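Order of the sequence lines sets the chain letters (A, B, ...), proteins ahead of strands, with each chain counted from 1. Here the structure is a predicted model, which means the values were calculated and not measured.
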4 protein chains.
Amino acid sequence: MRIIVDAQEHRPIYRQVADEIKTLIARGELQEGASLPPVRQLAADLGVNLNTVATAYRELQGEGLIAIRHGSGAMVASRRTEVTSRDEMRKALRAVLTQMVLAGMPRSEIAVLVSGELRGLTQGAK
Amino acid sequence: MRIIVDAQEHRPIYRQVADEIKTLIARGELQEGASLPPVRQLAADLGVNLNTVATAYRELQGEGLIAIRHGSGAMVASRRTEVTSRDEMRKALRAVLTQMVLAGMPRSEIAVLVSGELRGLTQGAK
Amino acid sequence: MRIIVDAQEHRPIYRQVADEIKTLIARGELQEGASLPPVRQLAADLGVNLNTVATAYRELQGEGLIAIRHGSGAMVASRRTEVTSRDEMRKALRAVLTQMVLAGMPRSEIAVLVSGELRGLTQGAK
Amino acid sequence: MRIIVDAQEHRPIYRQVADEIKTLIARGELQEGASLPPVRQLAADLGVNLNTVATAYRELQGEGLIAIRHGSGAMVASRRTEVTSRDEMRKALRAVLTQMVLAGMPRSEIAVLVSGELRGLTQGAK
DNA sequence: GTGGTCTAGACCACG
DNA sequence: GTGGTCTAGACCACC
């Protein structure tokens, strides 16, 4: 499983892990029923603390995206989640776009970035 | 100045305040040279501590977006910032879009949201 | 880590702490990758509030000199900074030298002081 | 009297004014007995608040550098002062040099800056 | 009247 | 155990 985390980023590491796994699920690279690597192994691969990965898995479980079965690992449960409110997502979107606009990125370039990411995320869904 | 903060959100309050002000600047609702409300007044309006607003202002000052002059208040200094790397913005964008896709939001609706926000942010720039 | 602060001085304490750490880094007494003491411990050592040290660390982080990782402490990241403009540094230098000249300090003695400090600061850079 | 202040700098404006006048005195451009401009006029020239200039004059008077006579303006009293302790000056010098070193300025260039400033300050003294 | 700094202490987030 | 955030309130510095 190809995941990269960066300790210097603003987002906490556990959330980076969770977000990357979410992206893999959304892209269809992790299908329903697929097994996730054991916590210890993923932690070792990423060079992070075991608790960090465990927290990420717990978050994904809380959102209903994965199922953790004691003693037999974790697997992808579903491609649907609804925990984050529409309003909160909109605020997050606005914050990101604001950042890009203030950084001087032209609107056309932002549009290209967005559609590029969207294409990657939705093609696996069909 | 219309700003809303939510103590329940993950983002710290001082960053919510800073982000909202950034959006107002990006939108052109706060022009260069415009005065910001005194920290104590904004703190009272938002129902938060003085220091929380002061921290937000300090962050904006550090990014070069506002100029604070001791004894005479704060004003908008610029509409440009460069603190966040392109790569970090891209990752943040991907995380938000992933969230939306997994929430089951159709691609067309996401596109509408994005362009709506973008329109609000870039029209003030002309 | 030997740091001394003086509450009577004009410079705020958090900046004194940051300045002292900067000097330790410039001197090479704190190498890149070295750990800084936990905020609470340094605060206790100096007899100041936790927040005061946290503010100093945050300032150093903003200048890129240290990296703070939530949950696992702070470490020296770099020996380079670029925040202060050349012109501002020159003006500050002039102010200090003016002070010394008006205090009646002979030019030769000032030169000795300067080269002594400079030697301490640049020898670690070899 | 050629004085420039910058509201964005770290030093408070009143201190910038005081420092600039000190430099003029140290350089010999303001001789003993010379009159200083009226507070109101200097404030108008600099575009700053009247109280700011008054505070600067008060500081200079406190250091014995100028004499303020009620109703007849201020004049340069002496070129000697001793209010700032040797230790505090040394600390200020160290902070400036640390800044320069961390900004990557080579030792040779710093030396040139220092001797250039020193030459300007001490030539008027002979 | 404006912002700046500091404290003491509480509680949370992260690894 | 580490840093982060917030509060309430005091006092200072600046314009």
Side-chain angles (χ1 to χ4, degrees), chain A residues 5 7 10-17 43 46-56 58-59, chain B residues 5 7-17 35-43 46-59 61 66-75, chain C residues 5 7-17 35-43 46-59 61 66-75, chain D residues 5 7 10-17 43 46-56 58-59:
Chain A
V5 296
H10 266 128
R11 275 182 305 164
I13 296 177
Y14 86 90
R15 195 181 301 281
Q16 292 182 41
V17 173
L46 299 177
V48 302
N49 190 287
L50 185 152
N51 287 326
T52 306
V53 176
T55 302
R58 218 178 309 123
E59 172 153 308
Chain B
V5 296
Q8 303 314 310
E9 229 186 278
H10 257 126
R11 271 182 308 166
I13 299 176
Y14 79 87
R15 201 179 300 280
Q16 293 181 42
V17 174
S35 287
L36 273 68
V39 282
R40 281 165 173 77
Q41 180 192 312
L42 183 53
L46 299 177
V48 302
N49 188 277
L50 164 176
N51 288 322
T52 305
V53 176
T55 302
Y57 277 24
R58 199 200 293 193
E59 177 150 308
Q61 182 182 39
I66 71 174
I68 303 177
R69 276 153 15 196
H70 200 144
S72 51
M75 60 164 48
Chain C
V5 296
Q8 303 315 311
E9 229 186 279
H10 255 127
R11 272 182 308 166
I13 298 177
Y14 80 86
R15 202 180 299 279
Q16 292 181 42
V17 173
S35 287
L36 272 68
V39 281
R40 282 166 173 75
Q41 180 192 311
L42 183 53
L46 298 178
V48 302
N49 188 277
L50 165 176
N51 287 322
T52 305
V53 176
T55 302
Y57 277 24
R58 199 199 294 192
E59 178 150 306
Q61 182 182 38
I66 71 175
I68 302 177
R69 277 155 11 197
H70 200 143
S72 52
M75 60 164 47
Chain D
V5 297
H10 266 129
R11 276 181 304 165
I13 297 178
Y14 85 88
R15 195 181 301 282
Q16 292 182 42
V17 174
L46 299 177
V48 302
N49 191 288
L50 186 151
N51 287 326
T52 306
V53 176
T55 302
R58 219 177 308 123
E59 171 153 310

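We find that CG of C/N49 is positioned 14 Å from P of F/dG4, with the value rounded to whole Å. At whole-Å resolution of the value, CZ in C/R11 and P in E/dG4 are 19 Å apart. Here the P atom of nucleotide E/dA13 and the CZ atom of B/R15 are 15 Å apart, to the nearest Å. The interatomic distance linking C/M75 (CE) with F/dT2 (C1') rounds to 13 Å, in whole Å.
Applying the side chain to side chain donor-acceptor pair (under 3.5 Å) test to B/Q41 and every residue at least two apart in sequence or in another chain returns nothing. Residues that satisfy the side chain to side chain donor-acceptor pair (under 3.5 Å) test with B/Q61, not counting sequence neighbours, are absent from this structure. Listed by chain and number, the residues in a side chain to side chain donor-acceptor pair (under 3.5 Å) with D/R58 amount to none (sequence neighbours excluded). For C/H10, the side chain to side chain contact (heavy atoms under 4.5 Å, CB included) partners at least two apart in sequence or on another chain are D/R15. Residues forming a side chain to side chain contact (heavy atoms under 4.5 Å, CB included) with D/N49 (at least two apart in sequence, or on another chain): D/N51, D/T52. Every residue two or more places apart in sequence or in another chain that forms a side chain to side chain contact (heavy atoms under 4.5 Å, CB included) with B/R69 is listed here: B/S72, B/M75, D/A7, D/Q8. Taking B/R11 as the reference, B/E9, B/D19 meet the salt bridge (Lys or Arg N to Asp or Glu O under 4.0 Å) condition, with sequence neighbours excluded.
Look at B/S72 and you won't find any side-chain N or O under 4.0 angstrom from OP1 or OP2 of F/dC14. Taking only side-chain nitrogens and oxygens, A/T52 never comes nearer than 4.0 Å to OP1 or OP2 of E/dC14.
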> How does DNA chain F look in dot-bracket form if you count Watson-Crick and G-U pairs under 3.5 Å, write [ ] for pairs that cross, and put | where a base pairs with another strand?
Replying inline: ||||||||||||||.

Write down the protein N/O and nucleotide N/O pairs, taken from nucleotides 10-13 of chain F, whose separation is under 3.5 Å; answer none if there are no such pairs.
unit_1, atom_1, unit_2, atom_2, d
F/dA13, N3, B/H70, NE2, 2.9

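Note on D/V48: nothing from the nucleic acid sits closer than 4.0 angstrom, heavy atoms only.
Annotation: of the two residues near DNA chain F, D/I13 and C/V39, the 5′-most nearest-nucleotide partner is C/V39.
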